[in-house]
Trainee: 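This structure is in structure tokens; I'll ask about it shortly.
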Protein chains: 2
Amino acid sequence: MRPSIKQVASQAGVSIATVSRLLNKPGSVSAETAERIHQTIAALGFRPNFTGRNLRAGNSRTVGVVVPTLSNTVFAQCLQGIELAARELAYSVMFTATEYLPQDESAAVERLLSHRVDGVILTVADAGANATLDLLEHERIPYVLAYNQLSDNAPGRTAVSVDNRQAARDAVAHLIALGHTRIQMLSGQFSASDRALQRHQGYLEAMQAAQLAPLPAIEVQRHTLTAATDYQQLLADPACRPSALFCSNDLLALSAMRDLRALGLRVPQDISVMGFDGIPLGELMEPVLSSVVQPSGQIGEVALRTLVAAIENDNAGLAAAEQRRILPHAIRTGASAAAYVAPAPED
Amino acid sequence: MRPSIKQVASQAGVSIATVSRLLNKPGSVSAETAERIHQTIAALGFRPNFTGRNLRAGNSRTVGVVVPTLSNTVFAQCLQGIELAARELAYSVMFTATEYLPQDESAAVERLLSHRVDGVILTVADAGANATLDLLEHERIPYVLAYNQLSDNAPGRTAVSVDNRQAARDAVAHLIALGHTRIQMLSGQFSASDRALQRHQGYLEAMQAAQLAPLPAIEVQRHTLTAATDYQQLLADPACRPSALFCSNDLLALSAMRDLRALGLRVPQDISVMGFDGIPLGELMEPVLSSVVQPSGQIGEVALRTLVAAIENDNAGLAAAEQRRILPHAIRTGASAAAYVAPAPED
DNA sequence: GTGAAAGCGCTAACAT
DNA sequence: ATGTTAGCGCTTTCAC
């Protein structure tokens with residue numbers, strides 16, 4: 001068996017209390033005893049057992065993280081940001097994915113709670129009515145949403161995200177400024193992501209503000225990287241084809257660009273494409289993908305810091321300002337979205 | 001405080017042992033008591049506290065994962081595979097990144113060990129001489145390497161990866177079959193990744209086998225997505241420019257393609273590019289990125305299953321066949337690597 | 001400054 | 001089939 005605080009104590013000729021004190025508040029131990037204990041710790045290769053500590057202390061200095069998937073770089077970046085910030089604050093991270101299955105959210109959180117994580121960061125399908133969040137609240141476990149953005153009627157729920165509606169609105173306004181009028185939205189399943197819905201809302205607002213007729217959104221199964229054939233017929237016909245496509249995320253935008261190429265359409269000459277997320281690889285594309293850049297790593301970092309603040313304030317002292325953290329987005333102007341030119345007449 | 005097994009017991013009018021038994025081996029409790037206990041559990045919202053269980057049992061059903069970064073999709077996919085497989089086996093995952101800093105590997109593992117993880121999956125800079133692995137072995141903690149591939153003189157270390165040397169050799173052979181003779185390797189820091197070194201070895205072997213003169217490898221700082229200017233002069237000069245570039249990973253290949261475009265060089269007409277990793281987004285590029293496809297998710301899954309087998313066999317019964325898990329790689333043939341054509345004479 | 005002892009939630013003998 | 005009890009490693013009063 002691994003050495004415990006007990007062996008260290010007896011070997012150093014002190015009580016376990018003294019060893020514990022040295023580990024936690026070194027000031028309260030005399031220099032010579034400290035020295036002696038340090039020696040034995042090194043000699044024995046002792047490492048404090050967090051399990052014992054956690055059981056006694058009632059906290060674990062561990063946070064749980066639940067995201068839909070790691071296949072989307074956005075969430076990977078976010079997790080990266082969370083872990084980095086956690087490490088700085090001496091917290092550990094327990095991670096799990098749901099694969100976009102809302103029914104798995106609860107199970108994931110249950111498991112984390114059994115491990116007695118001190119708090120949870122999660123991205124849920126729908127932050128509005130959500131059994132998992134209710135559970136967390138009922139159990140009084142601090143949690144912070146990432147990417148989810150709360151409507152104003154969800155008080156008390158903490159979330160870190162960009163302003164999805166406004167960001168989408170900015171993106172579409174950018175397309176409009178380029179002269180586009182037939183702009184269509186390509187989106188992931190609305191049911192799998194409230195963000196998609198909010199972005200669609202932004203699309204509608206931008207179109208209305210410019211007195212343009214919105215086109216019906218095209219909802220595709222998943223941002224699988226395989227061709228979403230649903231909208232191919234549509235695009236094939238130059239008469240009803242939009243001149244610009246606004247995609248609810250970059251993976252979708254990139255897939256769309258691939259599909260458009262397969263149809264013989266050129267981006268941006270025949271059709272402009274704009275994404276949402278600002279994934280780094282978008283900048284390596286040719287043409288560079290125009291997109292709304294979200295600060296994913298920072299979303300993770302802020303989410304973690306907010307969560308830890310909540311944990312260490314005994315879940316109380318979160319200033320109202322901390323409750324809704326809206327981080328700034330930016331428009332990345334790439335060549336995938338270009339000024340509108342009327343299609344050359346067919347002959 | 002949250003309800004403990006004790007409250008459940010008293011409320012249900014049984015001893016805590018009975019409750020514990022119901023939780024662990026339900027068979028050994030009479031149907032009626034079981035029913036009654038289940039009721040109270042539901043009524044109280046009781047959830048077993050793993051901390052207590054772990055302390056008592058001496059295991060945590062938790063594995064630690066250490067990867068260099070999540071910015072590279074490859075590792076994100078791997079972590080995804082690990083977590084999915086872990087969930088199936090009722091294990092949890094504690095995750096941490098090192099940002100490619102070898103000195104952080106040990107600290108990361110120390111923290112995981114303090115949490116008493118049952119085993120560790122890690123990707124290290126250098127699997128050969130590695131203090132972290134020595135530590136793990138000394139402490140008799142089961143571990144499995146992912147992506148690292150052991151040379152034959154590292155007995156007893158378990159690793160899951162593709163055959164990096166052979167895969168690189170296949171990739172370069174593919175370029176040679178396309179008629180290329182001036183093939184140069186673009187690589188991440190050899191010191192940060194033994195895989196890069198092994199892939200370079202494969203490059204050398206393929207060149208030798210074809211009686212071609214290898215060119216000196218170009219080692220770039222990081223697969224940052226920003227231009228690596230080191231090799232730009234080289235490429236600018238058509239006289240000494242290679243006709244094909246073999247990159248030690250896809251991020252590097254994609255960055256290189258961007259840089260080549262910036263220099264006015266066309267891929268593949270002026271220069272062919274081949275990567276290594278087979279990241280999904282490579283297929284969305286135009287031209288599609290030729291690459292060596294590694295099964296990242298599967299690497300994670302196999303690593304986890306192997307680890308759990310080791311854990312549950314008390315780290316003993318790993319068949320020799322399990323020790324070195326080499327997973328198959330595949331060559332993805334994209335348009336980024338094309339048949340060699342002699343450069344048009346300048347005028 | 002240091003020690004003795006209780007107890008966090010749970011499991012596993014051992015007893016009945 | 002169920003209860004009693006010891007104890008996993010640790011922190012934290014409460015003494016001294």
Side-chain angles (χ1 to χ4, degrees), chain A residues 1-38 40-41 44-62 90 92 110-111 113-118 139, chain B residues 1-38 40-41 44-62 90 110-118 139:
Chain A
M1 216 45 201
R2 235 165 288 293
S4 78
I5 199 176
K6 216 179 203 164
Q7 350 261 27
V8 175
S10 76
Q11 186 123 345
V14 295
S15 75
I16 61 170
T18 305
V19 179
S20 173
R21 270 189 284 262
L22 176 63
L23 261 34
N24 297 296
K25 33 174 102 138
S28 59
V29 173
S30 81
E32 37 201 336
T33 356
E35 174 58 15
R36 195 150 32 94
I37 297 176
H38 274 134
T40 5
I41 285 180
L44 258 44
F46 166 78
R47 192 197 329 277
N49 183 334
F50 285 179
T51 313
R53 172 179 297 182
N54 297 347
L55 182 57
R56 172 66 220 229
N59 72 322
S60 59
R61 283 196 93 79
T62 299
S92 295
E110 290 276 355
R111 201 152 25 84
L113 293 185
S114 273
H115 280 289
R116 292 303 188 264
V117 295
D118 294 341
E139 308 246 352
Chain B
M1 215 46 202
R2 232 166 291 292
S4 77
I5 197 174
K6 216 176 199 166
Q7 349 263 29
V8 175
S10 75
Q11 185 123 347
V14 294
S15 74
I16 60 169
T18 305
V19 180
S20 173
R21 269 190 286 260
L22 176 62
L23 262 33
N24 297 296
K25 34 174 101 134
S28 58
V29 173
S30 80
E32 38 200 336
T33 3
E35 175 56 15
R36 193 151 33 95
I37 298 176
H38 274 133
T40 6
I41 286 181
L44 258 43
F46 165 78
R47 192 196 329 278
N49 183 334
F50 286 179
T51 313
R53 173 179 296 182
N54 296 346
L55 183 57
R56 172 67 220 226
N59 72 320
S60 58
R61 281 197 93 80
T62 299
E110 291 276 355
R111 202 152 25 84
L112 293 172
L113 293 185
S114 274
H115 279 289
R116 293 302 189 264
V117 296
D118 294 340
E139 307 246 353

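Naming: A, B, ... by sequence-line order, numbering from 1 per chain. The structure displayed is predicted, hence computed values, not measured ones.
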Trainee: Closest to the N49(B) side chain: dT4(D), dG9(D), dC10(C)?
Mentor: dC10(C)
Trainee: How long is the line joining CG of N59(B) and C1' of dC10(C), in whole Å?
Mentor: 12 Å
Trainee: If you only use heavy atoms from C-beta on, which nucleotide in dT2(C), dC10(C), dC10(D) is closest to the side chain of T33(A)?
Mentor: dT2(C)
Trainee: When you measure from the side chain of S20(B), which nucleotide among dT11(C), dT11(D), dG3(C) comes out closest?
Mentor: dT11(C)
Trainee: Quick check: on DNA chain C, is the nucleotide nearest I16(A) upstream (toward 5') of the one nearest S28(A), or the reverse? Name the residue that is more 5'.
Mentor: S28(A)
Trainee: Is any side-chain N or O of R21(A) under 3.5 Å from a base N or O of dG3(C), one able to act as donor and the other as acceptor?
Mentor: yes
Trainee: Which nucleotide in the set dT11(D), dT11(C), dG3(C) lies at the smallest distance from any side-chain heavy atom of I5(B)?
Mentor: dT11(C)
Trainee: In whole Å, what is the span from the CZ atom of R36(B) to the C1' atom of dT2(D)?
Mentor: 11 Å
Trainee: So Q11(B) and L44(B), do their side chains get closer than 4.5 Å, heavy atoms only?
Mentor: yes
Trainee: If I take atom CG in residue L23(A) and atom P in nucleotide dG9(D), what distance separates them, rounded to the nearest angstrom?
Mentor: 15 Å
Trainee: Okay, side chain of R47(B), backbone of R2(B): is any donor-acceptor separation there less than 3.5 Å?
Mentor: no
Trainee: Counting any heavy atom closer than 4.0 Å, what does A57(B) reach on the DNA or RNA strands: base, sugar-phosphate only, or nothing?
Mentor: nothing
Trainee: dG9(D), OP1 or OP2 - any side-chain N/O from R53(A) closer than 4.0 Å?
Mentor: no
Trainee: Using a cut-off of 4.0 Å on non-hydrogen atoms, how would the nucleic acid contact of N54(B) be classed: base, sugar-phosphate, or nothing?
Mentor: nothing
Trainee: Keeping R116(B) on the side-chain end and G52(A) on the backbone end, is there a donor-acceptor pair under 3.5 Å?
Mentor: no
Trainee: Using whole Å, what does the distance between atom P of nucleotide dT12(D) and atom CG of N24(A) come to?
Mentor: 6 Å
Trainee: Any sub-3.5 Å donor-acceptor pair from R61(B)'s side-chain atoms to A90(B)'s backbone N or O?
Mentor: yes
Trainee: Looking only at side chains, do S92(A) and H115(B) share a donor and an acceptor under 3.5 Å apart?
Mentor: yes
Trainee: For residues 21-29 of chain A, dump all side-chain donor-acceptor pairs below 3.5 Å to protein atoms at least two apart in sequence or in another chain.
Mentor:
residue, atom, partner, partner atom, Å
N24(A), ND2, S20(A), O, 2.7
N24(A), ND2, S20(A), OG, 3.3
S28(A), OG, K25(A), O, 2.8

Trainee: What integer distance in Å separates I37(B):CD1 from dT2(D):C1'?
Mentor: 10 Å
Trainee: At 4.0 Å (heavy atoms only), tell me whether S4(A) reaches a base, stays on the sugar-phosphate, or touches nothing.
Mentor: sugar-phosphate
Trainee: dT11(D), dC8(D), dT2(D): which one has an atom nearest the side-chain heavy atoms of S30(B)?
Mentor: dT2(D)
Trainee: So does K6(B) get a side-chain nitrogen or oxygen closer than 4.0 Å to the phosphate oxygens (OP1/OP2) of dC8(C)?
Mentor: yes
Trainee: Let me know the distance between CD of E32(B) and C1' of dA1(D), rounded to the nearest Å.
Mentor: 10 Å
Trainee: Check the distance between dT12(D)'s P and L22(A)'s CG and give it to me in whole angstrom.
Mentor: 15 Å
Trainee: Please pick, from dC10(C), dA5(C), dG7(C), the nucleotide with the shortest atom-to-atom distance to any side-chain atom of P48(B).
Mentor: dC10(C)
Trainee: Output the rounded distance in Å from CZ (R47(A)) to P (dC10(D)).
Mentor: 11 Å
Trainee: Quick one: on DNA chain D, does L55(B) or V14(B) contact a more 5' nucleotide (nearest heavy atom)?
Mentor: V14(B)
Trainee: Quick one: on DNA chain D, does R116(B) or S15(B) contact a more 5' nucleotide (nearest heavy atom)?
Mentor: S15(B)
Trainee: Could one point to a donor on the side chain of R2(A) or the base of dG9(D) with an acceptor on the other under 3.5 Å away?
Mentor: no
